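Remarks on the structure that follows.
Quick note on labels: first sequence line is chain A, next is B, and so on, each numbered from 1. Every value quoted in this text rests on a predicted model; they were computed, and no experiment measured them.
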2 protein chains.
Amino acid sequence: MPAGEDPLMTAAGRTPAPTLELVAARAGVSRATVSRVVNGSTSVSPPIAEAVRRAVQELGYVPNRAARSLVSQQSQAIALVAPEDVNRFFGDLFFAEIVAGIDARLEASDYVLNLMIANHDPSGKTMRYLGGGAVDGAIVVSHHTSDRFLRRITDSLPVVYGGRSSIAGADTYVVDVDNVEGAAVATRRLIETGCRRIATIAGPLTMQSSIDRLAGWRQALDEAGVAAGPVVDGDFTLHGGANAMREILDWREPVDGVFIASDLMASGAVPVLLDRGIRVPEDVRIVGFDDTSAALRSGVELTTVRQPSRAMGWHMADILIGVLSGATDVPHELILPTELVVRDSA
Amino acid sequence: MPAGEDPLMTAAGRTPAPTLELVAARAGVSRATVSRVVNGSTSVSPPIAEAVRRAVQELGYVPNRAARSLVSQQSQAIALVAPEDVNRFFGDLFFAEIVAGIDARLEASDYVLNLMIANHDPSGKTMRYLGGGAVDGAIVVSHHTSDRFLRRITDSLPVVYGGRSSIAGADTYVVDVDNVEGAAVATRRLIETGCRRIATIAGPLTMQSSIDRLAGWRQALDEAGVAAGPVVDGDFTLHGGANAMREILDWREPVDGVFIASDLMASGAVPVLLDRGIRVPEDVRIVGFDDTSAALRSGVELTTVRQPSRAMGWHMADILIGVLSGATDVPHELILPTELVVRDSA
DNA sequence: TTGTACGCGTTATCAG
DNA sequence: CTGATAACGCGTACAA
């Protein structure tokens with residue numbers, strides 16, 4: 001029989017995947033033995049093991065995931081759930097770093113990552129996927145206070161949140177930075193460099209991180225006895241940042257400093273300034289947040305609060321894997337440090 | 001018994017997922033009947049169906065995916081495979097559009113999307129995932145000629161490629177644009193607007209789209225009898241584009257036009273020009289490719305070749321779903337039109 | 001219309 | 001060290 005032709009070809013022209021049974025037959029052993037070899041059990045005589053391995057190789061056998069998962073009650077997959085619009089998610093490099101970090105941790109494990117960019121009210125389909133045993137756990141990032149469905153996934157799976165959440169549970173974990181302090185540090189920088197009319201472009205206030213950064217800004221202002229300038233929601237998007245900056249410039253009184261709660265928004269806001277002939281940092285000082293590469297692309301290199309996004313992703317995955325492997329001493333909250341990165345904008 | 005407390009709680013504090021059996025018991029019917037109701041079979045008497053639905057509701061029953069997939073031989077999931085570095089993938093908004101398009105098509109289906117950002121030589125883990133029945137089909141984007149592993153996934157799954165591939169098969173499909181023609185149109189625009197020393201910043205020549213765009217550039221030049229300027233690889237990245245532009249500027253003779261094979265590279269290249277006091281389009285004209293929002297963020301609004309990325313994603317998913325549902329009249333190649341979008345850079 | 005019984009491909013517990 | 005055999009949870013002929 002010529003290679004590539006198989007009498008058992010399906011209508012679709014694809015040969016059915018070989019099963020344990022088939023490998024066993026070819027190697028002249030039982031299914032159990034094949035299973036042992038495949039799973040690296042030591043109690044198999046070398047010659048037999050070798051024969052099995054050859055059969056596996058020849059047939060291109062790959063264990064059926066559904067069958068394995070049915071009996072083991074594990075899928076060896078975890079989901080990254082982002083209740084965001086696709087373009088939102090991809091538009092902010094912060095998420096790329098998070099994913100890269102998760103990926104890095106997963107590489108050394110047997111888990112595979114399923115990225116689920118869900119809308120805020122995911123269809124039953126998504127929920128059934130998450131609740132139907134397709135994944136062993138989930139990492140949730142960028143969640144909003146209005147995301148009710150998270151309650152349900154938290155009830156059925158171990159979940160690690162990126163950013164504090166109002167949703168708690170026995171198997172709920174959080175990796176975050178101190179957003180209040182980070183924002184305060186940013187704002188103090190503005191104050192120390194001489195700013196006295198300080199505005200802020202905030203993220204959507206349906207997100208805890210936005211709320212915290214706003215609080216930090218206010219706190220630093222209060223500490224220094226500096227009056228709070230305008231607060232505008234920039235929606236954590238490029239355009240939102242640009243619009244917010246226009247709004248601030250149209251304020252009744254000019255500002256001389258702006259704390260912008262994400263570099264992406266800042267990279268939308270800075271060009272607005274430059275276009276109007278306003279110099280950064282001479283006329284208006286800017287401090288961003290995140291330290292993604294967007295900080296370097298706005299026309300002025302941004303002074304910003306560095307968030308260890310990649311490490312955050314790594315830890316989220318690490319914690320989840322720990323929990324899934326039954327570790328009991330996993331901390332429920334991990335707060336990573338931020339750091340002020342001084343560049344040209346403030 | 002108080003709600004929320006269940007004697008069957010696992011050590012992890014999580015109640016085991018209810019099974020068909022359990023629902024059946026509660027509704028006082030057989031498993032088969034519950035299955036019928038869950039799967040929307042019509043042959044169930046209304047009162048019984050109602051009782052079952054209530055039991056499902058009360059127990060929060062969700063079908064076990066592994067079991068269902070084991071018997072049906074389908075996972076209702078498809079994979080989007082991108083053999084790219086995570087930051088590469090997220091850095092280019094082109095992919096965001098593709099994903100958005102796929103997502104849009106999937107929304108109206110029962111399929112769920114698994115995003116797999118694989119390295120070029122994915123671990124056995126990834127291959128086992130793809131080959132182990134975890135997904136019913138795959139969409140592959142951004143593949144390089146060196147990606148040997150694709151051969152294997154093409155052998156075991158229906159695959160739709162985004163961009164022409166050297167890998168063919170009975171169940172292999174392609175959605176693409178005419179890159180040669182698109183690039184030629186771009187280059188003709190440069191020629192028509194008076195450029196005579198025309199360079200190009202290409203993508204990695206391990207990708208078919210890069211090769212095609214380069215060919216189109218050359219073709220347009222030949223047609224017009226214009227000598228070809230320097231060709232520099234910009235690697236389809238922002239920094240690559242910037243470096244490539246520097247290299248071009250250091251060429252022995254100055255250029256007056258550059259066709260840049262992606263907007264992302266162009267948005268890295270344009271600032272290099274502006275920084276050196278070179279005006280766009282007065283001194284050097286630029287035409288990009290893709291028409292992602294990067295075209296609007298480079299300092300000059302880019303004239304570019306629009307690629308219907310979102311529609312491409314949509315069609316890739318549509319074709320795959322068609323194949324999976326047994327359709328036999330699915331075209332193996334779908335070429336979507338490009339369009340020159342004239343803005344300020346040329 | 002409803003229930004019974006079998007099989008999907010694995011892993012794991014037993015005997016041998 | 002190896003081979004039967006019993007689950008795992010579900011869909012579905014087939015029988016009632």
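Applying the salt bridge (charged side-chain N to carboxylate O under 4.0 Å, His left out) criterion to A:Arg36, with sequence neighbours excluded, gives no partner residue. The side-chain hydrogen bond (donor to acceptor under 3.5 Å, both in side chains) search around A:Ser109 returns none, not counting sequence neighbours. Shown here are the side-chain hydrogen bond (donor to acceptor under 3.5 Å, both in side chains) partners of B:Asp318, two or more places apart in sequence or in another chain: B:Arg105. Remark: B:Arg151 pairs with B:Asp155 by the salt bridge (charged side-chain N to carboxylate O under 4.0 Å, His left out) rule, at least two apart or across chains. Every residue two or more places apart in sequence or in another chain was checked for a side-chain hydrogen bond (donor to acceptor under 3.5 Å, both in side chains) with B:Gln74, and none qualifies.
Against DNA chain C, the stretch residues 41-54 of chain A makes no heavy-atom approach under 4.0 Å.
Across A:Ile153 and A:Ala138, no two heavy atoms sit closer than the pair CD1-CB, 4.0 Å. A pairwise comparison of heavy atoms in A:Arg310 and B:Asn87 identifies NH1-ND2, 3.7 Å as the closest pair.
Open room surrounds CZ on B:Arg152; 12 or fewer heavy atoms of other groups in view lie less than 6.0 Å from it.
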Side chains of residues 21-34 of chain B: which donor-acceptor partners sit under 3.5 Å, not counting sequence neighbours?
residue, atom, partner, partner atom, Å
B:Glu21, OE1, B:Arg31, NH1, 3.2
B:Arg26, NE, B:Glu58, OE1, 2.7
B:Arg26, NH2, B:Glu58, OE1, 3.0
B:Ser30, OG, B:Ala32, N, 3.4
B:Ser30, OG, B:Thr33, N, 3.4
B:Ser30, OG, B:Thr33, OG1, 3.4

Contact state string [nucleotides 6-16 of chain C, B base, S sugar-phosphate only, - no protein heavy atom under 4.0 Å]: BBBBBBBB---

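Residue pairs meeting the ring-ring contact (aromatic ring centres under 6.0 Å, His included) criterion with at least one member in residues 152-171 of chain A, sequence neighbours excluded: A:His143-A:Tyr161. Applying the side chain to side chain donor-acceptor pair (under 3.5 Å) test to every pair with at least one member in residues 38-55 of chain A, sequence neighbours left out, gives these pairs: A:Ser35-A:Asn39, A:Asn39-A:Arg68, A:Ser41-A:Ser43.
The span of DNA chain D lying next to chain A, judged by atoms under 4.0 Å from heavy atoms, is bounded 5' to 3' by D:dC1 to D:dG9.
Comparing the helix axis at one end of the helix from C:dT1-D:dA16 to C:dG16-D:dC1 with that at the other, each defined from 5 consecutive pairs, gives an inter-axis angle of 40° (nearest 10°).
Using modelled atom types and a 3.5 Å distance limit, the side chains of A:Gln208 and A:His144 yield no donor-acceptor pair.
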